[in-house]
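Worksheet for the structure shown next.
On a predicted model such as this, the values are computed, not experimentally measured, just so you know. The figures that follow rest on heavy atoms only: side chains count, while hydrogens, waters and symmetry mates do not.
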Amino acid sequence: LEQVELAARGSVLDSLAITHYYAGDYSQAAALARERLRLGEQAVDQEGIGFALNFLGSCAKAQGDYEEARRYFQRAAQAALELRDEIGAAMVFNNLGNLMQLTGEWASAQRYYQQGSELFKVHDHVHGAATTLANAGKLANKQGLHDKARQLLDESLALKRRIGDSRGEAVALAGLGEV
């Protein structure tokens, strides 16, 4: 019963943390995620631990603590890979790509985007693949690699159209417009 109770409490903490994050209250979101991490460790809930680590990375990034974000994201990626959760790992790789892009580490960002999109494609996670490809395409454009940017954004656009994601289509089209 204790495992079930811990899992339920963890799920509630996840939802509360996400709510605070999107309300812009990153410190409260991080506090809730740290409690989620503690519960996950207590329950030996690897999925909960992975979620908490990834979410703590996002909170640290939003608060401008990029080194802390990197540490959390790297731990989250390791946790996902240990669980053989390739979709979870791909999501973290996309987050790492976004962080590396923000810190000017563009070559690393592109490697993370490539790893993420490949894993998403293997599992036919179209939304994830399209999002990661769009991020990689926008970065390629910043790097002056316009042909590569166009190819990545065209692929993202095709995938977004395939799943009827009009917001994602707009992002890809805006990126193509910038190219």
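Rounding to the nearest 0.5 Å places CZ of Phe93 at 13.5 Å from CG of Asn98.
At least one side-chain heavy atom of Val12 sits less than 4.5 Å from a side-chain heavy atom of Leu16. Arg36 has its side chain out of reach of Leu56: every pair of non-hydrogen atoms, C-beta onward, lies at least 4.5 Å apart. A 4.5 Å side-chain heavy-atom check between Phe73 and Asn54 finds at least one atom pair inside the cut-off. At least one side-chain heavy atom of Arg167 sits under 4.5 Å from a side-chain heavy atom of Asp165. No side-chain heavy atom of Trp106 sits under 4.5 Å from any side-chain heavy atom of Met100. Counting only heavy atoms from C-beta outward, the side chains of Lys160 and Thr131 approach each other to under 4.5 Å.
Annotation for Glu47: atom CD does not count as buried by contact number, only 12 or fewer foreign heavy atoms lying within 6.0 Å.
Across Leu176, Leu133, Leu152, a single residue satisfies side-chain contact (heavy atoms from CB on, under 4.5 Å) together with Leu157, and that is Leu176.
Nearest heavy atom pair, residue Ala33 against residue Ala17, reads N-CB, 4.3 Å. Minimum heavy-atom separation, Asn95 to Ser58: ND2-OG, 4.1 Å.
Salt bridge status for Arg38 with Glu35: present, with a side-chain N to carboxylate O gap under 4.0 Å. Salt bridge absent: Lys121 and Glu118 never bring a charged side-chain N and a carboxylate O closer than 4.0 Å.
Taking the six-membered ring for Trp and the full ring otherwise, Tyr21 and Phe55 have centroids separated by under 6.0 Å.
Aromatic ring pairs are classed by plane angle as parallel below 30°, tilted from 30° to 60° and perpendicular above 60°; the pair His127 and His125 is perpendicular.
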